[in-house]
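Fair warning: this is a prediction, and the values are worked out from it, not measured in the lab. Naming: A, B, ... by sequence-line order, numbering from 1 per chain.
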Number of protein chains: 2
Amino acid sequence: MSKKATIYDIAKELKITAATVSRALNNNPKISEKTRDLVLATAEKLNYKQNRLAVALKSGKSNNVGVVVPFINKNFFASVIRGIEEELYPKGFHVIISQTHEENDREKKIIQNLINAQVDGILVSTSFTNENKNQLHQVLKKSSPFIFFDRVLHFDDISTVTIDDYQGGFDATEHLINQGCKRIAHFNVNQNIELYNNRFKGYKDALSKHGVAYNSDYVITLKSDMEAGKEAAEKLMNLPVPPDAIFSSTDNGLLGAVKYLQSIAVKIPEDFCVVGFSNEPFTQFLEPSISSVDQSPVEMGKMAAKVFLEQIESNQDVKIHKDVVLPAKLIIRKSSSKHK
Amino acid sequence: MSKKATIYDIAKELKITAATVSRALNNNPKISEKTRDLVLATAEKLNYKQNRLAVALKSGKSNNVGVVVPFINKNFFASVIRGIEEELYPKGFHVIISQTHEENDREKKIIQNLINAQVDGILVSTSFTNENKNQLHQVLKKSSPFIFFDRVLHFDDISTVTIDDYQGGFDATEHLINQGCKRIAHFNVNQNIELYNNRFKGYKDALSKHGVAYNSDYVITLKSDMEAGKEAAEKLMNLPVPPDAIFSSTDNGLLGAVKYLQSIAVKIPEDFCVVGFSNEPFTQFLEPSISSVDQSPVEMGKMAAKVFLEQIESNQDVKIHKDVVLPAKLIIRKSSSKHK
DNA sequence: TTGTAAGCGTTATCAC
DNA sequence: GTGATAACGCTTACAA
């Protein structure tokens with residue numbers, strides 16, 4: 001009772017061999033009904049539990065997958081992880097999570113650690129940018145299946161799962177134009193991160209499609225937090241010709257802007273429309289509620305998990321490379337509803 | 001290059017034995033400088049990575065800990081996990097997360113799975129209640145260190161980490177009384193869950209301390225969501241003598257109530273004060289911002305991790321049982337600030 | 001200081 | 001249908 005029971009304990013009890021016990025436990029067809037039942041009964045009696053570590057070592061499959069994100073307590077990442085876990089748990093996988101704190105050294109170390117732990121795959125939303133992506137690639141050579149989601153980098157042999165950031169940016173901007181906004185500003189985060197750049201491109205293309213002039217004074221690069229959003233909004237409103245709308249690549253930055261606009265009595269949406277990105281929970285509770293582009297994080301997690309599963313279920317030799325792009329859904333709320 | 005290198009590969013390369021390689025890699029003092037350097041160099045050259053699975057099997061320690069929560073994409077749980085991960089990662093532990101969906105069968109199965117995976121410990125915010133706690137205890141007998149946090153059950157041999165829910169309920173209620181509220185309602189969630197019951201007790205004791213009559217019409221048990229909160233508020237406001245404040249055990253329930261009150265033009269905080277619980281991110285962004293009791297989720301996670309570490313670092317024989325109670329911090333915002 | 005050999009708990013490949 | 005044995009990759013007495 002003190003030590004955990006092994007198949008040897010069962011074998012000894014029944015005066016048979018461990019191999020037979022193993023077969024019985026694994027529903028191997030080459031075994032008699034009688035011994036199977038006997039084994040199962042004794043296993044129960046001894047409170048036997050399979051040691052998955054031993055199985056893992058023997059088989060080379062740990063049934064663990066690593067998930068690497070900047071911080072897990074951000075709604076988006078937490079939701080992606082929820083999706084991953086829900087897809088993988090029924091297949092017998094456990095999800096190991098780690099946080100990079102957006103530090104590249106840490107991210108490399110974490111990935112190396114996961115590889116050492118023999119995880120069967122690694123899903124990452126990376127903090128690396130195109131400028132330093134090669135650093136990361138070193139760690140990845142010949143490792144277990146690797147998949148990027150959301151914040152991705154492109155390598156020939158690595159699949160990615162993203163949402164259509166370009167379309168999201170386009171739709172949001174076009175929607176603002178349709179509301180009659182003439183001078184639409186944009187909050188960007190980092191030019192070197194593909195996803196933000198795609199949103200930015202969508203913004204520019206929507207402007208150009210509708211013949212709205214692009215004004216670089218209206219594009220501000222800022223951190224994704226309230227304080228930065230306030231400052232950025234203040235700067236915009238002090239321009240000779242201030243904008244009449246903002247499409248922000250983040251909800252948090254936009255939140256600061258909204259608070260600032262309200263503080264100087266700018267009426268939203270009557271005088272000024274805004275659309276954010278991420279559909280953070282708070283956007284729907286604010287007054288006015290904030291339009292935002294939804295990223296379907298749970299679905300993204302599930303999709304990333306599915307791509308991983310496909311990869312390991314396929315023949316080893318066939319290298320599956322896949323870039324899945326999920327739709328971005330513009331959620332229109334009061335903050336950008338001038339009419340009606 | 002195709003297969004992963006093992007210590008045997010290094011040994012063969014250097015014409016020494018695997019044991020020596022192992023010693024060199026582990027900084028065993030009984031080894032010559034020369035061979036150590038040689039081993040390290042060849043390890044590097046062959047791109048050797050330690051197989052932690054093998055170490056785990058040998059040592060009986062997997063360096064994994066399981067964390068079990070209802071859903072990971074709730075801000076509270078995500079933040080607790082963040083704390084756990086940050087405390088444990090530097091010590092070489094990986095965090096495996098799983099979600100119970102608040103289903104008891106699933107929770108049992110998950111815990112059993114984690115035990116099979118030989119995790120070194122399990123940290124759980126349980127969905128079991130006192131009524132069915134024995135079901136769970138069966139699974140726990142003689143398993144690895146086990147720790148409850150937030151939603152806990154009490155067993156002689158299991159440590160717990162919670163916040164002072166009683167004090168939180170007390171402080172929130174007393175604060176409302178001090179604001180001049182005379183008829184304070186309460187939103188409860190489930191009588192059988194200790195933590196909600198403690199908040200409720202705090203509420204009652206604060207009333208009684210200040211000589212405010214307890215009125216059972218003002219206490220409503222409801223699910224923790226907006227819709228339920230709206231209905232509950234409507235019910236309250238239709239009483240012959242409606243309340244003039246609510247202390248809610250959840251922010252989400254309270255949110256619905258606030259929206260309802262605003263819809264019938266009740267002024268908060270002038271005519272009606274509210275205080276919630278959990279300090280969800282949205283509470284500070286609403287207009288008016290919502291007072292709430294903060295649960296320090298990240299600290300709770302760190303503390304749970306620390307209790308776990310203590311437990312495994314102590315001698316096996318000494319069973320440490322500890323019930324850590326962290327302070328609950330009332331955050332006062334506009335929703336309950338009548339004066340000034 | 002280094003080598004030998006056993007063992008962690010399984011499963012798979014042979015035999016019989 | 002069952003038993004013996006080797007192997008997964010590593011650590012650790014015990015010898016030398």
Pick the nucleotide of DNA chain D nearest each of Ala5(B) and Lys58(A); which residue has the one closer to the 5' end?
Lys58(A)
For Asn26(A) and dG9(C), give me the distance from atom CG to atom P, rounded to whole Å.
17 Å
Between Ser159(A) and Val307(A), what is the shortest heavy-atom contact and its length?
CB-CG1, 3.8 Å
Considering only heavy atoms and no angle criterion, is a donor-acceptor pair shorter than 3.5 Å present between the side chain of Arg23(B) and the base of dG3(C)?
yes
Sugar-phosphate only, base, or nothing, as touched by Ile16(A) at under 4.0 Å among non-hydrogen atoms
sugar-phosphate
5' precedence on DNA chain D between Val55(B) and Lys30(A) (nearest-nucleotide basis):
Lys30(A)
For Ser22(B), which contact category applies under a 4.0 Å heavy-atom criterion: base, sugar-phosphate, or nothing?
base
Integer-rounded Å distance: dT2(D) P and Leu38(A) CG
10 Å
Looking at Lys322(B) and Glu310(B), is any side-chain nitrogen of the basic one under 4.0 Å from a carboxylate oxygen of the acidic one?
yes
Is Thr17(B) touching bases, backbone alone, or none of the nucleic acid, heavy atoms closer than 4.0 Å?
base
When all nucleic acid strands are considered with a 4.0 Å heavy-atom cut-off, which category describes Lys49(A): base, sugar-phosphate, or nothing?
sugar-phosphate
Sugar-phosphate only, base, or nothing, as touched by Thr35(B) at under 4.0 Å among non-hydrogen atoms:
sugar-phosphate
Quick one: label Ile7(A) by what it contacts on the DNA or RNA (base, sugar-phosphate, nothing), any heavy atom closer than 4.0 Å.
base
Step by step, would you call Glu13(B) with Lys45(B) a salt bridge (charged side-chain N to carboxylate O under 4.0 Å, His left out)?
CA-CA 11 Å; Glu13(B) 184 94 359; Lys45(B) 185 179 114 197; 2.5 Å; yes
On the nucleotide dA7(D), are OP1 or OP2 found under 4.0 Å from the side-chain N or O atoms that Tyr8(B) carries?
no
Check: Phe155(A) ring centre within less than 6.0 Å of Phe146(A) ring centre:
no
